[in-house]
Asker: 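The structure that follows is given in the form of structure tokens.
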There are 4 protein chains.
Amino acid sequence: MLNRVILIGRLTKDPELRYTPAGVAVTQFSLAVDRNFKDQNGEREADFINIVTWRQLAETCANYLRKGRLTAVEGRIQTRNYDNAEGKRVYVTEVVADNVRFLESNNSGNREGGSNNGGGFTREEGSGGNFSRGTASRGNQDPFSDDGKPIDISDDDLPF
Amino acid sequence: MLNRVILIGRLTKDPELRYTPAGVAVTQFSLAVDRNFKDQNGEREADFINIVTWRQLAETCANYLRKGRLTAVEGRIQTRNYDNAEGKRVYVTEVVADNVRFLESNNSGNREGGSNNGGGFTREEGSGGNFSRGTASRGNQDPFSDDGKPIDISDDDLPF
Amino acid sequence: MLNRVILIGRLTKDPELRYTPAGVAVTQFSLAVDRNFKDQNGEREADFINIVTWRQLAETCANYLRKGRLTAVEGRIQTRNYDNAEGKRVYVTEVVADNVRFLESNNSGNREGGSNNGGGFTREEGSGGNFSRGTASRGNQDPFSDDGKPIDISDDDLPF
Amino acid sequence: MLNRVILIGRLTKDPELRYTPAGVAVTQFSLAVDRNFKDQNGEREADFINIVTWRQLAETCANYLRKGRLTAVEGRIQTRNYDNAEGKRVYVTEVVADNVRFLESNNSGNREGGSNNGGGFTREEGSGGNFSRGTASRGNQDPFSDDGKPIDISDDDLPF
DNA sequence: TTTT
DNA sequence: TTTT
């Protein structure tokens with residue numbers, strides 16, 4: 001049907017890049033999104049929302065996002081469940097992102113070092129996908145290039 | 001910061017209306033949102049997303065939504081956690097709705113009986129809120145009347 | 001950067017399907033979206049929003065949407081301008097849709113005749129696109145299949 | 001029905017604050033939103049989208065937004081029309097914002113001078129609105145305080 | 001009438 | 001140029 005989410009918040013940690021057995025890149029991170037209102041103690045709370053990205057977008061996120069960075073995420077809510085070690089069913093709700101925007105430059109001398117002059121963005125690529133797999137280095141002069149959409153990866157591929 | 005969700009799906013059950021100790025109405029339901037793609041078996045899966053509504057919107061949802069109804073929901077993602085009976089921390093992710101749209105009329109002879117000629121909607125009221133509490137009956141001839149962020153300014157007022 | 005629109009409203013007329021000189025399908029229609037508030041006379045006004053769809057999505061819209069149908073549209077706002085016959089510059093703002101959802105079935109005995117059991121949808125396909133061109137007949141048993149995104153068509157292609 | 005827009009872009013000029021005859025503040029500005037794809041010449045174009053804000057939000061925008069600032073806007077598409085000096089009907093499509101987020105601090109020594117440590121935001125207040133009118137000075141130590149749709153209910157109130 |  |  002229709003399922004659309006747009007968030008702006010800050011990463012609670014550096015993103016984690018993994019690969020499925022089939023070599024597909026997956027990056028996860030959590031976004032702290034401050035609420036627009038204060039609680040009864042006058043404190044502004046936040047929602048901590050788990051984000052998942054796939055393939056090229058996963059690699060770009062792993063390369064350019066860092067803890068604390070202000071970031072915009074567009075995607076859809078996904079629910080899934082699995083049985084944990086104790087045999088109990090665990091329900092997971094997360095946002096599968098297909099568009100991520102870096103709202104702050106990487107000016108600190110971290111490994112990427114790049115200065116992104118005013119907001120990089122990246123979208124999940126089309127399904128025709130000759131995307132690089134099995135490696136986090138894109139060797140692309142402009143990490144914020146563009147593209148389309150889709151998802152042809154089964155949940156069975158998930159490494160988590 | 002910014003946190004916006006828009007969903008269209010069908011209720012998996014009738015909604016559940018409760019009241020807080022302070023008498024505030026809360027309605028919960030789950031929306032099945034079909035995915036736009038098929039899994040590896042060619043099956044179209046769905047995401048099951050928990051929705052929470054408060055106050056007058058909660059009462060309207062309890063009165064007019066039913067299992068299976070096609071429904072649009074607008075709101076924000078909320079995360080919270082609590083310790084369950086076994087002392088384990090449970091993490092919850094849900095959508096707090098502030099706008100719900102009934103996309104199908106209640107034509108079947110159920111208790112509401114109302115025919116909503118082409119799509120009712122309802123919005124959460126402002127915070128000033130002298131909302132009715134402690135009762136599910138609104139006694140309003142048109143449940144799909146107004147709401148929310150009105151703008152009581154005529155176009156004639158425009159300085160441009 | 002980021003540019004996302006989601007609308008639910010009713011078509012003010014039947015959609016219009018055209019083709020660019022290069023044979024690319026384009027469908028336009030206008031959506032009447034009722035406002036959530038009433039004006040100073042107690043009347044509920046509407047916004048009339050122009051929608052454009054391309055390629056396969058254009059053909060599906062032309063085939064299945066009709067005047068008055070309740071429809072959900074997801075896309076982005078586009079602005080463009082051109083000089084009209086009198087040499088005056090005209091500014092256009094419209095929504096380029098990449099996801100359209102038919103919220104009402106085609107139950108009346110119109111040419112499509114199809115009953116869409118509870119909400120069809122369709123998304124713009126990926127760029128790999130071997131989409132049919134030059135014809136409005138899709139000959140597809142399921143018009144509500146899925147797909148990805150992109151747009152590799154220049155504005156010069158526009159037939160309007 | 002449903003009408004939601006979310007944009008991230010840069011102001012093309014300083015915002016313009018005006019007042020209606022009744023003394024209601026209105027601020028207008030235009031947002032340049034870069035497209036996610038390049039045109040046939042390999043150039044990245046932008047959409048130039050007109051934004052309108054009302055009342056307190058208008059005054060905050062006038063005080064804190066400046067040309068070139070990266071800004072997030074949430075609102076709805078509005079269409080209206082009027083007859084111009086030559087008696088020709090002019091059609092206008094614009095976004096009425098109810099939530100604006102300043103994604104860059106005002107670090108340059110401009111009149112506001114404020115450093116907004118990581119993103120200010122502001123929401124349109126509820127309709128109950130005893131908003132200040134007829135003046136642009138808010139006299140508020142923190143212009144990025146809260147507002148909008150608060151929920152004054154503690155988690156302890158939850159019946160589940 | 002367009003921003004970095 | 002506007003829908004139910």
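Chain A is the first sequence line, chain B the second, and so forth, proteins listed ahead of strands; every chain is numbered from 1.
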Asker: Closest to the C:Ala46 side chain: E:dT1, F:dT2, F:dT3?
Answerer: F:dT3

Asker: Take atom CG of C:Leu7 and atom P of F:dT2, then tell me their distance rounded to the nearest Å.
Answerer: 19 Å

Asker: The side chain of C:Ala32 lies closest to which of these nucleotides: E:dT3, F:dT1, F:dT3?
Answerer: F:dT3

Asker: Under the side chain to side chain contact (heavy atoms under 4.5 Å, CB included) test, which residues partner D:Tyr82, sequence neighbours left out?
Answerer: D:Arg80, D:Asn84, D:Val90, D:Val92

Asker: Among E:dT1, E:dT3, F:dT2, which is the nearest nucleotide to the side chain of C:Asn50?
Answerer: F:dT2

Asker: From E:dT3, F:dT4, E:dT1, pick the nucleotide closest to the side chain of D:Lys67?
Answerer: E:dT3

Asker: Starting the side chain at C-beta, find the nucleotide from F:dT3, E:dT4, F:dT1 nearest to D:Asp34.
Answerer: E:dT4

Asker: Could you check if a side-chain atom of B:Leu70 sits within less than 4.5 angstrom of a side-chain atom of A:Met1, using non-hydrogen atoms only?
Answerer: yes

Asker: Grab the NZ-P distance between C:Lys13 and F:dT2 for me, whole Å please.
Answerer: 8 Å

Asker: Mind checking side-chain hydrogen bond (donor to acceptor under 3.5 Å, both in side chains) for D:Asn41 and listing every partner two or more places apart, or none if nothing turns up?
Answerer: none

Asker: Have a look at D:Gly68 and say if it touches a base, only the backbone sugar-phosphate, or nothing, with a 4.0 Å heavy-atom cut-off.
Answerer: sugar-phosphate

Asker: Please pick, from E:dT1, F:dT4, F:dT1, the nucleotide with the shortest atom-to-atom distance to any side-chain atom of C:Arg10.
Answerer: F:dT4

Asker: Distance check needed: F:dT3 C1' versus D:Asn3 CG, whole Å only.
Answerer: 14 Å

Asker: Could you check how far CD of D:Gln28 sits from P of E:dT1, rounded to whole Å?
Answerer: 18 Å

Asker: Quick one: pull up OG1 in D:Thr27 and CG in D:Leu57 and give me the separation to the nearest 0.5 Å.
Answerer: 8.0 Å

